[in-house]
There are 2 protein chains.
Amino acid sequence: MATIKDIAKQAGVTPSTVSRVLNNTGGYNDKTKAKIEAIAKSLHYQKNEAASNLVAKTSNLIGVIITDSKTSFAAPIIDSVEDTAYTNGVRILLAHCGLNNPKRLRFCLDLMAGQKVNGIISVAVQFDDDSLDYLNFTKLPLISLNVTVPHHTSVTIDDVRAAYDGTSFLIDHGYQKTALVAVDRNDPQTGSKRITGYQNAIQDAGLPLASSNIVEGDFSFEAGLKAAEKLLTGDHRPDAIFAASDDAAAGVLSYAYEHNIKVPAELAVLGFDDSHVAKIVTPALTTVKQPFSEMGRMAVEKIMAHSTTKNIMVPYQIMERQSV
Amino acid sequence: MATIKDIAKQAGVTPSTVSRVLNNTGGYNDKTKAKIEAIAKSLHYQKNEAASNLVAKTSNLIGVIITDSKTSFAAPIIDSVEDTAYTNGVRILLAHCGLNNPKRLRFCLDLMAGQKVNGIISVAVQFDDDSLDYLNFTKLPLISLNVTVPHHTSVTIDDVRAAYDGTSFLIDHGYQKTALVAVDRNDPQTGSKRITGYQNAIQDAGLPLASSNIVEGDFSFEAGLKAAEKLLTGDHRPDAIFAASDDAAAGVLSYAYEHNIKVPAELAVLGFDDSHVAKIVTPALTTVKQPFSEMGRMAVEKIMAHSTTKNIMVPYQIMERQSV
DNA sequence: ATGGTTAATGTAAACGGTTGCATAAACAAT
DNA sequence: ATTGTTTATGCAACCGTTTACATTAACCAT
């Protein structure tokens with residue numbers, strides 16, 4: 001591969017001049033510029049980023065840490081992160097940290113630090129104390145999407161209010177026996193907040209609160225399926241199920257389909273996220289939309305701007321389709 | 001950030017010794033090794049990859065080029081690529097090239113060349129002549145998944161036979177009036193191959209071929225929906241629809257649901273890919289599974305091994321669920 | 001004691017770009 | 001003609017690691 005030295009030799013100038021031309025830093029004759037650019041092109045010159053990064057002490061790389069790519073909302077976020085990065089001239093270093101795997105998260109952070117990334121975007125990643133300490137030590141800016149991280153910037157929706165509004169939406173549509181499904185009570189970020197919002201809405205509507213109406217689980221399809229089974233075989237059948245994710249809602253839909261329960265006539269199903277699956281299941285899911293693309297875009301822009309805002313709340317929105 | 005020089009100074013040795021210890025290249029006293037490692041830890045030393053890459057003329061980076069992350073089968077591939085990369089000590093540089101966007105693809109390749117990646121994995125990316133020339137010039141090894149690229153390694157299924165077997169599967173289950181949906185006749189890689197396989201199966205079964213039974217389209221949900229509309233409103237209703245993707249199959253399912261057509265009683269639907277959606281739609285999709293995880297893993301391993309095998313065919317498999 | 005090995009470490013030159021400072025040439029202003 | 005200013009380019013150091021080669025010390029065998 002050709003280097004600036006090769007170009008310099010051919011052009012009869014020094015590497016510094018070539019560097020100046022190629023970086024458009026000014027201070028050279030138009031004719032030399034043209035000559036150098038022509039030679040660079042003819043040699044298919046490609047800058048060695050490692051060398052450049054070494055002196056610049058940066059990399060034009062943004063680290064993206066996600067638990068895994070299958071997480072349904074990872075795709076739209078990564079899409080918008082990539083697009084925004086592209087228009088900003090930075091690139092994406094992707095790493096998976098798994099679920100509750102401190103060792104691997106630590107590895108990811110090590111990797112990002114070694115690559116001297118401009119910043120890190122984490123998607124739905126919970127930081128343990130050790131990783132957080134290390135992150136603070138590296139001084140790398142972090143933008144956390146979906147969950148908050150102490151002393152770092154986060155972009156989230158207001159989960160309490162979103163759950164409140166979702167529940168109210170069901171109540172306003174005449175459903176009185178609602179259930180909340182596939183939430184984790186021990187998750188301080190999402191689960192407990194949504195439970196709070198859900199309960200508040202029920203109380204504010206003057207409806208009875210029954211703890212049996214909350215079925216815990218992760219955000220998966222299977223969690224929705226199991227929860228539906230539990231709820232719909234019992235005596236106190238709910239007439240509406242609010243799932244913590246679209247995947248879980250699809251699980252509910254699937255159970256209803258198997259058991260010939262008509263949605264939304266006999267049972268309303270409200271999803272959460274507005275991920276890809278919301279549009280393609282039958283009936284299409286009414287769901288609480290999280291603005292993932294927006295969040296990804298903001299994250300990149302915050303990093304580029306060295307913004308130090310702490311917690312950013314973005315608006316959610318109820319997407320009405322056919323399941324309520 | 002601490003450098004090996006800082007460590008060397010504290011340990012009373014030269015940077016070379018530190019480098020040797022940290023890289024386990026041998027040739028040092030156990031006591032100095034212990035001392036250096038202790039100091040490195042206390043300083044939270046983190047190797048500057050740029051410097052290291054500069055002399056090594058490589059980056060331990062694998063470039064992954066995909067059209068976009070929303071593509072349903074990108075997720076499982078990226079998951080397995082990331083996992084395999086993790087266990088092999090390499091990292092992932094991710095770039096999107098969009099759909100039929102030569103300029104952006106060229107940009108991606110530039111980026112990969114600049115970063116001196118060990119190799120490139122492309123997922124369902126069509127290379128135009130210009131990009132291909134450039135790729136060849138860079139000498140970067142490419143592993144193309146899902147489609148073949150002239151003179152480069154590819155990992156694909158046998159699309160002709162997969163379509164043949166899928167169609168035969170429908171015929172064997174008693175469906176005589178099949179249709180193929182959401183394929184692109186002008187796509188030499190997937191579309192035309194699957195059309196060939198489909199037609200061969202029909203002819204071999206002694207059934208009549210009607211060109212109206214092939215409805216073109218991209219692989220999207222909407223394509224499936226539209227195709228279903230076209231096929232199911234006409235007089236010659238098919239009794240089975242073979243979609244080119246699970247998303248398209250979901251579109252068919254959705255149309256059937258809307259119009260009260262029972263699946264699989266009145267209409268069989270066969271998907272393609274076995275992506276995430278296949279399991280969560282109702283009824284769950286019977287589909288032709290592509291071994292995406294396997295393909296991702298192989299791609300990384302091929303790059304690490306500097307393998308030069310050309311075209312690798314991996315086995316597909318019909319996953320029987322409820323839609324046929 | 002002498003020479004030969006071996007092990008541990010040092011020396012210095014790379015890797016490819018960037019950049020502050022110096023220099024030279026060209027030009028303008030007195 | 002002299003001085004000052006601007007423009008274009010060169011010089012050389014530096015970024016942090018790696019590594020071939022040189023050096024030193026220690027040990028062993030004669």
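These numbers come from a predicted model, not from an experiment. Throughout, protein chains are lettered first and strands after them, A, B, ... in sequence-line order, and every chain is numbered starting at 1.
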message: Rounded to whole Å, please give me the gap between CD1 in B/Ile36 and C1' in C/dA8.
response: 11 Å

- request: For B/Val13 and for B/Val55, locate the closest nucleotide of DNA chain C by heavy-atom distance; then report the residue assigned to the nucleotide nearer the 5' terminus.
  value: B/Val13

Gap between atoms NZ and P, on B/Lys57 and C/dA14 respectively (whole Å): 12 Å

task: Pick base, sugar-phosphate or nothing for B/Asn23, based on heavy-atom distances below 4.0 Å to the nucleic acid.
output: sugar-phosphate

query: Is the side chain of A/Thr84 donor-acceptor paired with the backbone N or O of A/Ser80 at a distance under 3.5 Å, no angle test?
result: yes

Spacing between A/Met1 atom CE and C/dG16 atom P, to the nearest angstrom: 12 Å

- prompt: Is it true that A/Lys41 and A/Glu37 have a side-chain N and a carboxylate O under 4.0 angstrom from each other?
  reply: no

field: Any B/Tyr45 side-chain N or O less than 4.0 Å from OP1/OP2 of D/dT17
entry: yes

message: If I take atom CG in residue A/Leu54 and atom P in nucleotide D/dT17, what distance separates them, rounded to the nearest angstrom?
response: 9 Å

- request: Verify the distance criterion only: is there a donor paired with an acceptor across the side chains of B/Asn118 and B/Thr58 at less than 3.5 Å?
  value: yes

Phosphate OP1/OP2 of C/dG16 contacted by A/Ser52 side-chain N/O (<4.0 Å): no

task: Find the distance B/Ile7:CD1 to D/dG16:P and express it as a whole number of Å.
output: 13 Å

message: It should be established whether B/Thr32 places a side-chain nitrogen or oxygen under 4.0 Å from OP1 or OP2 of nucleotide C/dT9.
response: yes

- prompt: Under 4.0 angstrom, heavy atoms only, what part of the nucleic acid is A/Gly12 near: base, sugar-phosphate, or nothing?
  reply: sugar-phosphate

query: When the distance from CG of A/Asn24 to C1' of C/dT19 is rounded to whole Å, what number comes out?
result: 16 Å

query: Which whole-number value in Å describes the distance from B/Ile4 CD1 to D/dT18 P?
result: 6 Å

- request: Identify which nucleotide among D/dG16, C/dT11, C/dG16 has an atom closest to any side-chain atom of A/Thr3, counting heavy atoms from C-beta outward.
  value: C/dG16

- line: Of D/dA8, C/dT11, D/dG16, the nucleotide closest to the side chain of A/Asn29 is D/dA8

Presence of salt bridge, B/Lys70 and A/Glu82, under 4.0 angstrom: no

- request: Take B/Thr25 and B/Ala50, find for each the nucleotide of DNA chain D with the closest heavy atom, and name the residue whose nucleotide sits nearer the 5' end.
  value: B/Ala50

message: Once you apply a heavy-atom cut-off of 4.0 Å, does B/Lys5 come out as touching a base, just sugar-phosphate, or nothing?
response: base

query: If you look at every strand shown and take non-hydrogen atoms under 4.0 Å, does B/Ser16 touch a base, only sugar-phosphate, or nothing?
result: base

- prompt: Taking atom types as modelled, is there a side-chain donor on A/His276 or A/Ser72 under 3.5 Å from an acceptor on the other?
  reply: no

- prompt: Just checking, any donor-acceptor pair under 3.5 angstrom between side chains of A/Thr32 and A/Asn29?
  reply: no

- request: Whole angstrom is fine here: how far is it from CZ in B/Arg20 over to P in D/dC21?
  value: 14 Å

message: If the cut-off is 4.0 Å, is A/Asn48 near the phosphate of C/dC15, judged by side-chain N/O to OP1 or OP2?
response: no

query: Can you check whether A/Lys116 has a side-chain N or O nearer than 4.0 Å to OP1 or OP2 of D/dG16?
result: no

task: Please determine if a side-chain N or O atom of A/Thr14 lies less than 4.0 Å away from the OP1 or OP2 oxygen of D/dT9.
output: no

